[in-house]
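Computed from a prediction, not measured in an experiment: that's the story for all the values here. Values below: every heavy atom of this structure, side chains too, minus hydrogens, waters and symmetry copies.
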Amino acid sequence: MTHHHPHSGTRRTAVALSLTAVLALTATACGDDGTGGSGAEGSGTGTITFWDNNGGVRTAVWQEIIKDFEAKHPDIKVKYVPVPSEDVQSKYDTAIAGGGLPDVGGVGAAYLANMVAQDALDPVGDRIKDSGLDGKLVETMVDSVTSAGGRADEMYAVPTSASNGTLYYRTDLFKAAGLEPPTTWDRFYAAAQKLTDAENNEFGYTIRGGAGSIAQALDAMYGQSGITSFWEGDKTTVNDPKNVAALEKYVGLYKKTTPAADVNNDFKKMVAQFDTGTIGMLSHNLGSYTDHVKALGKDKFAGIPNPVGPDGKRVQVSNPVDGLGLFKTGKNKAAAWKFIEFAVSHESNSKWNASAGAIPANKEAQADPWLRDAEATKLGAQALTDGSTTIVELPYFLPDWNKISKADNEPNFQKVLLGRLTAKQFLDTLAEQLNTARAEWNEQQNKS
């Protein structure tokens, strides 16, 4: 599209417009090429593009839901694009800058604020009220998505599922070694040691050293320190001496009771290792439950919420709620919304979460029988709702959270595992970045 520059006669008026107005006009003028503007409702038919934010891992179940949807809405075609979870935020950022965003996409709470700050998503609160989803979504997940968006009470994603930190352990190996289930941190450490026989490639634990390592380390850290809030005033608690001590103890497992290759583990490597090797325990979340059932069978492993501290209390960090976002630049929002509404309705939401072993956002789906049989999921759902667990809310509302917890600190965490950086140096650096991001966020809030 060509841009019309003001001729000399109109130049004065252009200068008189405030800069923001000019920017606003430019944005509207470029609406056609998909890099700005506010899209359109469209006819409610035609083709929509959907980005799956855990492509590959969840492709099969999404293809099934899309097939069901297209059977019900033969005048809408869904173009499915699988994006691996580790690439999804950078893919969105690139498309926000250069065009080519989808109509609908999977959006996790960890990077929601970053996308809202870039004005990529439409609010969905009013659409939910006018739809079959009204009153059907689990309140805690709605609250979580709302606060993660960072803009007061507005929702910028429809929640689809929640997960919970889960400690998987090989019940068969525990039994053979005469060990109690790792329900306390003391038992966890004792089992890690007892089940390790490095010469024979048997290890008590597999640690996450690669992509996604930070949230998992924080989970183990707060779980042991028992600190129940991420902030004290405007300062983070991550480098509290109790957390430093807890992290030192946790990273002390690396190479002693874990394989050395764990320094590069993302969740896929870690899960594959647990499912095919002789490893006693794995910390992940409910997302890998169905993989373990397939690989090991239900009688060889169990998945429990994090161990409890010496006082019998369980502390876990929040898992980002997953959801579906409606993109502002979409030209066919009516059809895109029909897809979201269908995907989060009882039957589809139940199908998706049963396949993922996750906790459904749809209340009717939460009552379905499969949830009673999926032991780890059932326990995870209970831990989040029965008052047994204090959840430390990670600061998803900070637009920089995902950058800080990934790009900025994953390499540093590897240095801690390799002994090139102390746990204290690592946490002090992390704390400084978080406190700065929080101060900037506070300033924005006061402005708006």
Side-chain angles (χ1 to χ4, degrees), residues 84-90 108 110-111 114 165-167 185 188-189 192 203-225 227 230 236-274 279 281-285 287-288 306 315-320 392 394-396 398 400-437:
S85 59
E86 58 275 17
D87 302 337
V88 75
Q89 191 186 345
S90 59
Y111 46 89
N114 170 58
T166 306
L167 179 61
W185 285 104
F188 165 80
Y189 282 106
F203 294 96
Y205 187 59
T206 173
I207 202 166
R208 187 165 181 169
S213 59
I214 304 301
Q216 191 162 313
L218 294 177
D219 205 16
M221 194 169 90
Y222 280 93
Q224 294 172 80
S225 72
I227 293 170
F230 197 81
T236 179
T237 55
V238 293
N239 59 340
D240 179 291
K242 283 191 194 140
N243 274 335
V244 174
L247 188 62
E248 282 170 353
K249 190 166 185 188
Y250 182 69
V251 299
L253 295 174
Y254 172 65
K255 252 169 65 166
K256 290 194 184 70
T257 67
T258 79
D262 282 8
V263 70
N264 296 313
N265 266 354
D266 59 6
F267 84 93
K268 291 171 193 160
K269 288 189 189 128
M270 198 170 63
V271 165
Q273 227 166 235
F274 181 74
I279 287 176
M281 296 178 290
L282 155 78
S283 302
H284 186 225
N285 56 41
S288 56
N306 270 7
V315 177
Q316 295 202 234
V317 301
S318 57
N319 264 263
V392 174
L394 295 179
Y396 304 129
L398 295 175
D400 282 345
W401 164 250
N402 224 38
K403 182 179 172 289
I404 291 171
S405 67
K406 285 191 154 336
D408 293 353
N409 284 286
E410 285 177 354
N412 275 355
F413 185 69
Q414 291 185 317
K415 287 181 189 161
V416 178
L417 291 178
L418 298 169
R420 295 181 198 150
L421 202 63
T422 67
K424 186 177 183 327
Q425 288 168 323
F426 167 74
L427 291 172
D428 283 344
T429 304
L430 178 60
E432 199 179 319
Q433 292 167 341
L434 287 162
N435 292 337
T436 304

### Query
Run the side-chain contact (heavy atoms from CB on, under 4.5 Å) check on Asn402 and Asn114 step by step: do they pass?
CA-CA 8 Å; Asn402 224 38; Asn114 170 58; over 6 Å; no
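Shown here are the side-chain hydrogen bond (donor to acceptor under 3.5 Å, both in side chains) partners of Thr237, two or more places apart in sequence or in another chain: Tyr222. Residues satisfying the ring pair (Phe, Tyr, Trp, His ring centres under 6.0 Å) test with Tyr189, not counting sequence neighbours, are none. Every side chain to side chain contact (heavy atoms under 4.5 Å, CB included) that Pro320 has, sequence neighbours left out, goes to Ala109, Ala110, Tyr396. Scored by the salt bridge (charged side-chain N to carboxylate O under 4.0 Å, His left out) test, Glu86 finds Lys268 as partners (sequence neighbours excluded). In terms of the salt bridge (charged side-chain N to carboxylate O under 4.0 Å, His left out) criterion, residue partners of Asp428 (sequence neighbours excluded) are, by chain and number, Lys424. For Glu432, there are no side-chain hydrogen bond (donor to acceptor under 3.5 Å, both in side chains) partners, not counting sequence neighbours. Among residues two or more places apart in sequence or in another chain, the ring pair (Phe, Tyr, Trp, His ring centres under 6.0 Å) test is passed with Phe203 by none. Residues satisfying the side-chain hydrogen bond (donor to acceptor under 3.5 Å, both in side chains) test with Ser225, not counting sequence neighbours, are Asn243. Qualifying side-chain hydrogen bond (donor to acceptor under 3.5 Å, both in side chains) partners for Asp266, counting only residues two or more places apart in sequence or in other chains: none.
In this structure, the separation between OH on Tyr111 and OG on Ser90 is 10.5 Å, given to the nearest 0.5 Å. The line from CG of Asn412 to CZ of Phe426 is 6.5 Å long, rounded to the nearest 0.5 Å. A distance of 10.0 Å separates CG in Asn265 from CD in Gln414, rounded to the nearest 0.5 Å. Taking CG from Leu421 and OG1 from Thr429, the interatomic distance works out to 6.5 Å, rounded to the nearest 0.5 Å. Here the OG1 atom belonging to Thr206 is positioned 4.5 Å from the CD atom belonging to Gln273, to the nearest 0.5 angstrom.
In this structure the side chain of Leu418 reaches within 4.5 angstrom of the side chain of Val263, judged on heavy atoms. Under the 4.5 Å side-chain criterion, counting only non-hydrogen atoms from C-beta, Ser85 is in contact with Phe267. Taking 4.5 Å as the limit, every side-chain heavy atom of Val315 sits out of range of all side-chain heavy atoms of Ile227. Side-chain contact check for Ile279 versus Pro259: some heavy-atom pair is nearer than 4.5 Å. Between Asp400 and Gln433 the shortest side-chain heavy-atom distance does not fall below 4.5 Å.
Side-chain atoms of Asn435 come within 3.5 Å of backbone atoms of Thr236 as a donor-acceptor pair (strictly under, hydrogens ignored).
Here the shortest heavy-atom pairing between Asn319 and Gly165 reads ND2-N, 3.1 Å. Val244 and Asn239 make their closest contact through CG2-O, 3.7 Å (heavy atoms, listed as atom of the first residue, atom of the second, distance).
Counting only residues at least two apart or in different chains, salt bridge (charged side-chain N to carboxylate O under 4.0 Å, His left out) contacts with residues 406-418 comprise Lys403-Asp408, Lys406-Glu410.
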Name the atoms and distances for all side-chain donor-acceptor pairs under 3.5 Å in residues 247-256, with sequence neighbours left out.
residue	atom	partner	partner atom	Å
Tyr250	OH	Tyr205	OH	2.7
Tyr254	OH	Ala260	O	2.6

May I have the list of side-chain donor-acceptor pairs in residues 207-220 shorter than 3.5 Å, sequence neighbours left out?
residue	atom	partner	partner atom	Å
Arg208	NE	Ala211	O	2.8
Arg208	NE	Gly212	O	3.3
Arg208	NH2	Ala211	O	3.3
Ser213	OG	Gly210	O	3.3
Gln216	NE2	Ser283	O	2.9
Asp219	OD1	Asn306	ND2	3.3
Asp219	OD1	Val317	N	2.8
Asp219	OD2	Asn306	ND2	3.2

